[in-house]
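Counting convention: from 1, in listed order, for ligands and their atoms alike.
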Amino acid sequence: MDKSLEIDWRMRVFDSLSFPTLILRPNRIIVSVNQKMLEKLQVSKSDVVGKTCRDVFHTYFNDPDLPCTHDTCPLDKTLRDGVGNSILRQIRLDDGSSYWEDRVFSPILDDTGRAIYVIESIRDVTRTKTLEKIFHDIREFMDRVVQSSASGILAADRSGKILLMNQAAEELFGYPFTATQNMTVADIYPEGVAKEVMKKLRDEAYGGKGKLPVTRVNILTARGEKIPVEMTGAIIYEDDREAATMGIYNDLRERLAVGKKLEEAQTQLIQSEKMASLGRLAAGVAHEINNPLTGILMYGSLIQEKLAPDHPLLPSLGFILEDAERCRDIVKNLLAYSRQSSTTRNSFSLNTLVEESLRLIRDQKLFMTVTISRNLSSDWMLVYADQNKLSQVVINLIINAIDAMNRQGVLTLTTYRNDETGMACLEVSDTGCGIPKENLSRVFDPFFTTKEMGKGTGLGLSTAYGIAKDNAGDISIKQTGPNGTTFLLEIPLDHESMEMMSESIG
Ligand SMILES: Nc1ncnc2c1ncn2[C@@H]1O[C@H](COP(=O)(O)OP(=O)(O)OP(=O)(O)O)[C@@H](O)[C@H]1O
Ligand SMILES: [Mg+2]
């Protein structure tokens, strides 16, 4: 082939390169320059060819920071190493704008491997650098969003290895992200839960494939504590392949506690409203029955006195009076429940009340097979209340406990002071059958009984409730279950009398 034609062809290629390019000798003299470079520098070939790169670029850039020392010169480096290298530079223009250049130096080697020429081409990488910066800024912003989220965020790779944990997740789980090196997502849930979560994530019917709608689960903290959380999750796909998973967690403890308190308050409100309306009803019935009953008893007694001792109707009259007296007892209890009966108060010790009540029923056969355990506090517990009525309350609690144990078991009577509430407390515990959940809200209702006909009227606890309230106290079920029940009776401590007595003793 004609040699001149060959050179012409190479020059054409060189000229048509889309990057500004020039060819340098090892002594930095520019031997050739392509059209793109001339356009970029806005000079003619004769301004460049035969000059050194320093002359040209110093004039062109007027840039004192050009890497032109022996150590920094990329041309020298290419000559030294015999391989290409590049430098990335941000060029600032007079108008304040800037752009990025990547200057690539490639050696042309002779047969011995020595660089005899170096090709320098300039690529404008401003677009790539701008995208890189946008990408970097977005990443940084996303990181900040994730880190500042109040919800715990956690991501893991396909094998379950934890890749990311934000600050809220570190607080929720109780360990820093750095401590998760040897952990997988299986370790952050109680046994079996991680599998269940993954199953739901993959289930199309459950929020769509790869998505977990808001779900309640338990997580496991560093201290081994199970915490209820509300979580959502997602599988992150790469070309249809599962690449990672992520979960967002919100602690439910506070919300559940508030919900429970609200529920309890609602139940209590309903219960006290019910007790109040039942009290009004009981008071109404008791008053209405009281008057005719007084008449029956009075006229019955009069007739009884007038009849001869052998009168054939005398036994029948006796039955009438007996039943009328039972009715009067019921009315008395109803009045006590509705807090309509009169009270006689005095100051006495709670322990004395317990001993006195026990003494009153001590001889009854029903005690024979029950073990009584007294756990009476040595603290001074004076209360100012109606002792007779409170004794009635204690006796009913004891009889109820013995009935619940079917007369076999341990009856424990515990007293103590609760200085926080200012109450003297008595707990009556049994090892009996417990109260079923469905009866819990009804045991204080008048006439609620589970005892067989004729055995209980169902007025014991309702009367106890009325008496406790009438004495500014309270009665409640502290605990109940298949192993027994504990009733708690609280009566205000009589601080005044206690102070007076301690002064007189002192
Ligand atoms: N300690 C207890 N263990 C289990 N259930 C109990 C206990 N105390 C009370 N109950 C339940 O509460 C119901 C109501 O008790 P309450 O004392 O008001 O009436 P009663 O004992 O049935 O009848 P009364 O006291 O009028 O003779 C009882 O029938 C029983 O079902
Ligand atoms: Mg009873």
Would you call [X] and [Y] a salt bridge, using N to O less than 4.0 angstrom?
{"X": "Lys455", "Y": "Glu452", "result": "no"}
{"X": "Lys199", "Y": "Asp203", "result": "no"}
{"X": "Glu101", "Y": "Arg123", "result": "no"}
{"X": "Lys129", "Y": "Glu132", "result": "yes"}
{"X": "Arg89", "Y": "Asp102", "result": "no"}

Residue, atom name and distance, where the atom is the protein heavy atom closest to [atom]:
{"atom": "atom 20 (P) of ligand 1", "value": "Lys451 NZ, 3.7 Å"}
{"atom": "atom 27 (O) of ligand 1", "value": "Gly456 CA, 3.5 Å"}
{"atom": "atom 6 (C) of ligand 1", "value": "Ile435 CG1, 3.9 Å"}
{"atom": "atom 17 (O) of ligand 1", "value": "Asn400 ND2, 2.7 Å"}
{"atom": "atom 23 (O) of ligand 1", "value": "Gly458 N, 3.1 Å"}
{"atom": "atom 1 (N) of ligand 1", "value": "Asp430 OD2, 2.9 Å"}
{"atom": "atom 14 (C) of ligand 1", "value": "Phe448 O, 3.2 Å"}
{"atom": "atom 22 (O) of ligand 1", "value": "Thr449 OG1, 2.6 Å"}

- Query: In terms of the angle between their ring planes, are Tyr249 and Tyr189 parallel, tilted or perpendicular, with boundaries placed at 30° and 60°?
  - Reply: tilted
- Aromatic ring pairing Tyr465/Tyr337, orientation class (parallel under 30°, perpendicular over 60°, tilted between): tilted
Using a 4.0 Å heavy-atom cut-off, which part of [X] comes near ligand 1: side chain, backbone, both, or neither?
{"X": "Phe487", "answer": "side chain"}
{"X": "Leu397", "answer": "neither"}
{"X": "Thr450", "answer": "both"}

- Query: Which of these passes side-chain contact (heavy atoms from CB on, under 4.5 Å) with Val383: Asn471, Leu353, Thr352, Ile491?
  - Reply: Ile491
- Any nitrogen or oxygen of Leu459, main chain or side chain, under 3.5 Å from a nitrogen or oxygen of ligand 1? yes
- Message: I'd like to know if the side chain of Thr343 and the backbone of Arg345 have a donor-acceptor N/O pair within less than 3.5 Å.
- Response: no
- Query: Within the side chain of Glu490, is there an N or O that forms a donor-acceptor pair under 3.5 Å with the backbone of Gly473?
  - Reply: no
- Message: Please confirm whether Ala464 approaches ligand 1 to less than 4.0 Å, judged on its heavy atoms.
- Response: no
- Task: Locate the shortest heavy-atom distance separating Pro228 from Arg253; write the atom from each residue and the value.
- Result: CD-CG, 3.8 Å
If the cut-off is 4.0 Å to any non-hydrogen atom of [X], which atoms of ligand 1 fall inside it?
{"X": "Val443", "result": "11 (C), 12 (O), 14 (C), 18 (O)"}
{"X": "Asn396", "result": "17 (O), 25 (O)"}
{"X": "Thr485", "result": "3 (N)"}

- Using a cut-off of strictly less than 2.8 Å, determine whether Thr449 has an N/O/S atom near the Mg ion (ligand 2). no
- Task: Taking the Mg ion (ligand 2) as the vertex, measure the angle between atom OD1 in Asn396 and atom OD1 in Asn400; round to 10°.
- Result: 110°
